[in-house]
Protein chains: 2
Amino acid sequence: MTKKPTPTAFPTHAPHLIKDAVKLIASYPKVPITVDCVIFGFEENELKVLLIRSDLEMYKGFWSLLGDNAKDNEELDSAAYRILKERTGMNDVYLDQVRAFSHPQRHPGGRVITLAYCSLLNIQHHELKIYANELHWHSFSSIKEMAFDHKEILDTCYAWLQKRIQEHPLGFNLLPDKFSLRELQNLYEAILGVSLDRRNFRKKFASMGLLIDVGEMEEDVPHRPGKLYKFNFEKYEKNKRKWIGIDF
Amino acid sequence: MTKKPTPTAFPTHAPHLIKDAVKLIASYPKVPITVDCVIFGFEENELKVLLIRSDLEMYKGFWSLLGDNAKDNEELDSAAYRILKERTGMNDVYLDQVRAFSHPQRHPGGRVITLAYCSLLNIQHHELKIYANELHWHSFSSIKEMAFDHKEILDTCYAWLQKRIQEHPLGFNLLPDKFSLRELQNLYEAILGVSLDRRNFRKKFASMGLLIDVGEMEEDVPHRPGKLYKFNFEKYEKNKRKWIGIDF
DNA sequence: TTATTATTGTGTAAGATGTACACATTTAAA
DNA sequence: TTTAAATGTGTACATCTTACACAATAATAA
């Protein structure tokens, strides 16, 4: 998902040239940088987002994204993974950089630039080790107000997600390994905020050939159980380019 | 194009709370931030990009993006507009934030995080006031090597442009006010790197209804001249949402 | 003035995809 | 045994995509 910037190979140069470069950089104003992670999940037919309580007294009681400052010489992608790990224990999650938020008054303590990172994950797969202050999954639609400009960041990431899920079949990241077509459709409907024709939805996914019938049925549903499928990751990886642009 | 972050309305609080917030921020490492602008244009059937010579002795002779440091308390979007203006005199141009590049060794003078901004413009409309060191348009495809990690940034922005131009009919930003369908098609072919069927291309744009026949013909072409069109910006703005997803 | 060259402008048929829509079947629960 | 709720399935129609050819026009060169 996220493309890691590769190190720049710059020619090694005479020390006085390096000194010049260092001097130039030293003349630039410096800014504290933070990373905020927007972690989406899906459960009980609802899009959820992982939040903590703000640790600033000023925003006491407000919900806040999982964020912290980037360390010296730390790549931002690495910072995002580190912060997520520190606060939730999660390890095996992809994060995508979404954008920077840099309004000079976005933080009451002074100027901070933050980079928003976003991820989709399967809530069942990631037990929360609650290292952070009141770490909880929240129904996305119930979040009206947040600390700092975090509501704006959240909304930007939601828009990013809506777009993203139509370009790649990432819905699978949000579901259990085995899922029914109804669950898959509910997911798309929840994220896109539309209702979709059941037959056409099934036809669409059938024609993509990305679903493997695992030969099992749903259990413990109060109605006729549906077949369970798993996602054909192998085929997806092979034909990645093709799936861009899924229309419903 | 670019969505400006809106100021956060945070409740005014007791001074000691503000002090806490300030203290928190003060404990964060600080990083120099720069902005680099990738300005694409189109001329002589070629995608072009606006570059300057690196002003670092170390990268003497290398081409470099239009960049500079963000100032204290300056929003990054504003910084990008300011820098573009300072270096080229250009005023009336949209810039979109693309992404941050933060590899700790990306600059020989030490850690600098840069935010890439991207724009498409009509070369004829924007006479360059050359405030910068050897500011020139370059054929995109001729650029093989650049200062710092600027080649990587350029390539990322090119990929962004390819995607972007298929989601919105932004090709128009790159063309003169009046253009022929051939010019429009050349533009798409150049940016997407494919060749398109002429009849189908024309049909597609005709059906979008975004072209207005200005009742004039091309001049000074060594063959039968084509009709000239202008872009129906008004209609585009009204139906913006609809145009997402232009397939050829 | 004429012939040559390059490019414009135009339509259609076949295939692929999207959309709207209904009914018998299956399970759990009452 | 009935009821409720959801599954599984196919078709016709409209829309969009793709492939493809030829006469008309203007500029240029002979």
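Labels below follow one simple rule: chain letters A, B, ... track the order of the sequence lines, proteins then strands, and each chain is numbered from 1. Quantities reported herein were computed from a predicted structural model and do not represent experimental measurements.
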- Taking atom C1' of D:dG8 as reference, at what distance in whole Å does atom CG of A:D213 sit? 12 Å
- Task: May I ask you to check whether A:Q185 and A:E189 show a side-chain donor-acceptor distance below 3.5 Å?
- Result: yes
- Nearest-Å distance for atom pair CD/C1', residues B:Q185 and C:dT7: 12 Å
- Query: CZ of B:F179 versus P of C:dT8: gap in Å, rounded?
  - Reply: 14 Å
- Message: Within the 3.5 Å criterion, strictly below it, is a donor on B:S139 or B:E46 matched to an acceptor on the partner's side chain?
- Response: yes
- Item | Side chain proximity check, A:H168 to A:Y236, heavy atoms < 4.5 angstrom | yes
- Message: Using whole Å, what does the distance between atom P of nucleotide C:dG18 and atom CD of A:Q166 come to?
- Response: 12 Å
- What is the distance from CG of B:L196 to P of D:dA19, rounded to the nearest Å? 11 Å
- Message: For A:E237, give me all partners under salt bridge (Lys or Arg N to Asp or Glu O under 4.0 Å), at least two apart in sequence or on another chain.
- Response: A:K240
- Message: Tell me whether A:R202 forms a cation-pi arrangement with A:F205, defined as NZ or CZ under 6.0 Å from the six-membered ring centre and within 45 degrees of its axis.
- Response: no
- Message: Applying salt bridge (Lys or Arg N to Asp or Glu O under 4.0 Å) as the test, list every pair that has at least one member in residues 120-139 of chain B; sequence neighbours left out.
- Response: B:R53-B:E134
- How would you label the contact of A:R182 with the nucleic acid (heavy atoms, under 4.0 Å): base, sugar-phosphate, or nothing? sugar-phosphate
- Reading nucleotides 21-30 of chain C 5' to 3', which nucleotides get B (base under 4.0 Å from a protein heavy atom), which S (sugar-phosphate only), which -? BB--BBBS--
- Figure out the CG/P separation between B:N45 and C:dT7, and round it to whole Å. 10 Å
- Value in whole Å for how far the C1' atom of D:dT17 lies from CZ of B:F201: 15 Å
- Specify the separation, in whole Å, of atom CD of A:E218 and atom C1' of D:dG8. 13 Å
